[in-house]
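The structure under discussion appears below in the form of structure tokens.
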There are 4 protein chains.
Amino acid sequence: MDRPLEGVYPYLVSPVDPAGRVKEAVLARLVDHLVERGVHGLAPLGSTGEVAYLDWEQRRRIVQVVLEAARGRVPVVAGVESASTAAAVAQAQAFEAMGADGVVVILTSYFPLGEAQVAEHLRTVAAAVSCPVVLYANPRFTGVDLSLAVLERLAELPNVRYYKDATGDTGKLLTLVNRLGDRLRLFSASAHVPLFVFMLGGVGWMGGPACLIPEQSVRLYELARAGRWDEALALQRRLWALNAAFQRYSLAGCIKAGLEMQGFDVGGTLPPQPPLGPEARAEIAATLRDLGAL
Amino acid sequence: MDRPLEGVYPYLVSPVDPAGRVKEAVLARLVDHLVERGVHGLAPLGSTGEVAYLDWEQRRRIVQVVLEAARGRVPVVAGVESASTAAAVAQAQAFEAMGADGVVVILTSYFPLGEAQVAEHLRTVAAAVSCPVVLYANPRFTGVDLSLAVLERLAELPNVRYYKDATGDTGKLLTLVNRLGDRLRLFSASAHVPLFVFMLGGVGWMGGPACLIPEQSVRLYELARAGRWDEALALQRRLWALNAAFQRYSLAGCIKAGLEMQGFDVGGTLPPQPPLGPEARAEIAATLRDLGAL
Amino acid sequence: MDRPLEGVYPYLVSPVDPAGRVKEAVLARLVDHLVERGVHGLAPLGSTGEVAYLDWEQRRRIVQVVLEAARGRVPVVAGVESASTAAAVAQAQAFEAMGADGVVVILTSYFPLGEAQVAEHLRTVAAAVSCPVVLYANPRFTGVDLSLAVLERLAELPNVRYYKDATGDTGKLLTLVNRLGDRLRLFSASAHVPLFVFMLGGVGWMGGPACLIPEQSVRLYELARAGRWDEALALQRRLWALNAAFQRYSLAGCIKAGLEMQGFDVGGTLPPQPPLGPEARAEIAATLRDLGAL
Amino acid sequence: MDRPLEGVYPYLVSPVDPAGRVKEAVLARLVDHLVERGVHGLAPLGSTGEVAYLDWEQRRRIVQVVLEAARGRVPVVAGVESASTAAAVAQAQAFEAMGADGVVVILTSYFPLGEAQVAEHLRTVAAAVSCPVVLYANPRFTGVDLSLAVLERLAELPNVRYYKDATGDTGKLLTLVNRLGDRLRLFSASAHVPLFVFMLGGVGWMGGPACLIPEQSVRLYELARAGRWDEALALQRRLWALNAAFQRYSLAGCIKAGLEMQGFDVGGTLPPQPPLGPEARAEIAATLRDLGAL
């Protein structure tokens with residue numbers, strides 16, 4: 001079934017026009033651009049992709065466009081987002097049938113969930129497909145954390161082989177590597193820890209910034225693979241400036257605005273998220289210029 | 001356009017079979033039963049209705065069945081739940097076109113929202129329909145609170161006329177009544193404050209327990225309307241026992257289990273919510289018996 | 001040992017000059033003034049009394065001055081605040097030896113505490129004195145909540161007879177009254193629920209506002225005791241305006257500023273708490289005037 | 001005034017007998033032991049030192065004993081913990097007068113504080129002494145975080161030269177180093193990030209575990225100074241096992257128990273903190289043995 005997932009995977013934005021139609025041409029052009037710049041995979045329908053604001057028809061169309069534009073050159077890992085197990089299973093199976101190389105499971109919550117329910121949801125989704133499954137914890141946005149006990153149980157399933165961490169909890173990552181390092185491969189999802197994740201043996205970095213600075217992100221990955229930690233750290237410190245802007249403003253809004261500056265007419269964020277103001281745009285432009293990305 | 005909304009509105013559960021089909025006959029029978037027991041309105045697709053776990057086709061079908069079974073005897077107020085403004089508008093317009101007497105807007109969040117965005121979402125949904133709109137705050141489940149400033153701004157729209165509170169923040173309710181009491185009518189959404197809300201001039205109580213104890217809930221409402229506060233309080237204290245069980249276990253699970261005991265084959269909760277265990281069932285059975293509802 | 005505690009207990013502010021000396025004369029005069037206005041007891045060293053910002057010598061002196069000024073006309077209930085059990089025991093024993101009629105135990109935390117530790121702290125303090133003990137939950141400030149299980153265990157001690165609630169969790173209060181109503185008497189500590197607490201059979205109201213509006217607070221208590229709920233509610237709604245100001249600014253700062261306006265030179269808040277700005281002062285002045293208290 | 005602070009500083013436990021007396025002999029012997037094992041400084045009265053549970057007389061005595069036992073061989077940096085600015089100033093001045101080489105300011109809160117108040121507290125304490133001041137953020141225990149704006153303002157004071165981070169917020173650390181790296185030197189306070197902090201140019205590690213494993217902690221520091229990152233990481237992963245135990249049980253309790261096993265009769269934790277159970281003791285013993293520290 002599979003190529004191993006590793007390296008830099010940009011979280012693709014979701015270009016949608018005001019009438020709700022996916023802007024297919026610009027999305028395809030962005031995919032082509034990123035693959036040519038050396039990214040190792042593509043991750044549509046993540047947080048940066050505003051997945052929680054898209055209906056099923058939009059999600060399906062986006063994955064289709066990305067798969068067609070990627071033409072098998074790199075793996076495509078699609079986001080499966082839902083509070084409902086039935087919906088998550090349906091999404092995952094549809095993406096696998098369309099040819100996705102893996103899925104990232106994003107469990108959101110309405111009523112609070114216990115550990116057993118979180119594990120059962122993930123297990124059910126994983127058992128419904130044969131492609132690799134990336135577990136994902138981002139409790140700040142989803143209200144659901146993945147405990148070590150849950151990760152341990154899930155890691156027993158044959159196709160659950162990756163864990164993407166957006167908590168930045170470096171202590172948990174250490175424990176995870178100490179206990180599950182041979183079974184669950186780590187992806188970093190936050191721009192402040194990729195280096196730390198790489199030092200711990202992590203296999204890659206999935207993130208929004210790589211949409212805007214694909215070559216620099218790949219460079220960081222390569223420096224880390226070569227054990228050139230001092231250079232890698234110096235580069236991460238520079239790249240972090242971009243993320244500092246993302247933290248102050250809306251994540252998807254910043255990346256969409258930066259892509260517009262780079263010539264990709266991806267449009268604005270999906271309401272009720274706020275449009276980006278002029279001050280934020282100026283800061284992003286300055287940072288991109290400073291990084292040689294504009 | 002409208003009958004004023006007031007009185008007791010049960011939050012209807014959503015009977016769905018394991019294959020995802022709405023159990024239409026049992027839902028229609030439940031509606032008929034509740035209307036005959038004297039409830040003043042019906043509220044499908046709320047928290048108790050597990051709305052966040054239903055896809056659009058299920059939601060649409062549930063509202064249709066409820067409207068048909070109600071046959072205009074009481075108003076039907078349908079829940080509009082989404083993190084996306086476009087989706088919320090589409091839902092609200094569809095429900096109005098189907099004949100709903102009002103909508104409850106339930107704004108969930110993925111990325112955190114500022115006050116301006118919350119207000120803009122609600123304003124856009126309200127402007128898209130002409131039926132009455134019930135604002136709803138339940139930050140524990142949705143991650144979105146409605147500040148007084150937001151409520152004040154929204155209350156200027158002609159069809160925004162109700163506020164249903166599930167925060168239990170009695171201080172905020174006092175301020176609200178002091179400042180907006182003539183423009184925004186209050187519904188209680190929590191079983192521990194209906195009496196307090198009635199004392200403040202509130203017009204009704206929307207809640208899950210009224211599915212199981214419709215007559216007792218109506219009785220509480222009538223005692224409050226008659227200013228018989230001591231009797232009302234004594235009754236509320238008895239009814240609270242039922243809610244104390246709901247707080248310990250899953251809300252929808254408790255009400256569905258109780259309805260099964262009362263002869264309505266509504267099925268279990270939607271995964272990944274947990275099924276109810278035997279201890280919880282025994283406690284609910286005992287409480288219902290104690291309240292003369294079994 | 002004792003007079004039952006009931007009625008309106010103002011939380012006394014702690015007048016301290018910039019050099020750290022207790023302003024004894026003004027404190028004694030304030031005590032005299034409040035007793036003459038009809039309050040039923042006095043509560044030095046609570047949240048309003050900025051107890052967490054006072055050293056032991058200041059605390060001891062304040063209780064002494066209050067006891068002497070009260071001259072036995074009303075009970076004095078002193079606050080015992082500490083994260084350490086040994087310190088809390090020492091404080092409670094000292095206050096009892098000085099003649100205090102009871103103590104309010106305020107457990108603050110540094111490291112998080114489990115239920116067993118919270119119960120053990122309270123039990124140890126209660127067992128070290130023979131005067132009545134008022135349990136107190138204000139998790140927003142202290143980081144410690146008192147669960148029903150803890151309250152239930154503590155209520156078995158002979159001198160633990162009161163519970164003062166600052167959570168505003170009306171559901172919890174209902175459960176508490178249903179389960180412990182005959183053993184633990186309720187005081188309200190929040191200005192938005194005294195009426196609700198009185199309806200549930202509560203015996204009194206301890207709060208900061210009664211420093212500024214003692215007669216109006218006593219009037220609310222008397223209306224509630226007489227079952228004149230509609231008048232009581234109308235009055236509570238008016239009094240609430242004062243608390244709405246307290247919520248926006250600093251609690252102790254508002255009450256100290258109001259007392260200064262009323263002619264009590266109590267000084268400002270203790271650093272690092274901020275001094276009150278002119279806008280807040282104007283709002284407090286207007287509210288006090290509106291309530292006939294200036 | 002000063003030697004630069006750098007390297008490994010164990011947070012000393014506070015040995016106190018059940019009657020509240022400082023166990024001076026064992027504390028002096030522990031200090032001697034740690035200095036002989038190569039630690040670069042000593043930090044009494046931190047979180048590990050249960051500072052929030054000690055009265056002033058105990059705190060004063062502990063610093064005195066540590067200073068006398070250290071005999072100037074390494075710097076001693078004492079913790080200044082209070083919610084009150086006046087108390088913090090008094091503590092800092094007393095410690096400086098006693099000969100402390102620096103102070104760590106631990107601001108706890110009762111009423112929530114705004115940024116301006118936090119800055120004003122720290123500025124006032126720093127201005128009251130001439131010794132170096134270590135800023136410290138541990139919002140989980142103290143309820144107070146230090147924003148970048150506050151750190152930026154404080155770094156302008158001549159004797160505010162260190163920042164010790166216990167948030168583990170690696171993104172904030174990156175921003176801090178990018179913006180204030182030349183003015184504020186970093187200490188790590190958490191066992192999961194010392195390596196990361198060292199990579200960013202941090203000067204040291206203050207922590208509880210170094211009481212139990214001084215030589216291993218110093219070894220980690222030296223590997224990091226030599227840029228031997230792979231070896232350093234391997235060691236940090238091993239040491240982390242000890243901290244994983246601390247996170248599950250009580251921090252001070254674990255370190256005191258481990259010291260007892262190593263022959264230092266430091267006694268148990270201060271109530272209401274729980275004593276350590278046999279399971280936790282067994283786990284600590286096993287981990288210490290595994291690390292060659294028992």
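Source: prediction; values computed, not measured. In the text below, chain A, chain B and the rest are named by the order of the sequence lines, each starting its count at 1. Atom set for the values below is all heavy atoms of this structure, side chains included, hydrogens, waters and symmetry mates excluded.
- Contact of C/S47 with chain D is made through backbone and side chain together, with heavy-atom distances under 4.5 Å.
- Contact annotation for D/A87: neither backbone nor side-chain heavy atoms come within less than 4.5 Å of a heavy atom of chain C.
- Counting only heavy atoms from C-beta outward, the side chains of D/L113 and C/P272 approach each other to under 4.5 Å.
- When C/E81, C/E120, C/Q117, C/R140 are compared by the number of non-hydrogen pairs under 4.5 Å with chain D, C/Q117 comes out ahead.
- Across D/A83, D/G114, D/S109, D/G143, the residue that shares the most heavy-atom pairs under 4.5 angstrom with chain C is D/A83.
- Contact record, D/F141 with C/P112: CE2-CD, 3.6 Å, taken as the closest heavy-atom pair.
- Contact of D/L270 with chain C is not made at all, since no heavy-atom distance falls under 4.5 Å.
- To the nearest 0.5 angstrom, C/F111 atom CZ is 10.0 Å from D/T269 atom OG1.
- With a 4.5 Å cut-off on non-hydrogen atoms, D/Q273 touches chain C through its backbone and its side chain both.
- Contacts between D/I106 and chain C at a heavy-atom distance below 4.5 Å involve the side chain alone, from C-beta outward.
- Taking CG of D/L251 as the reference point, atom OH of C/Y110 lies at 9.5 Å (rounded to 0.5 Å).
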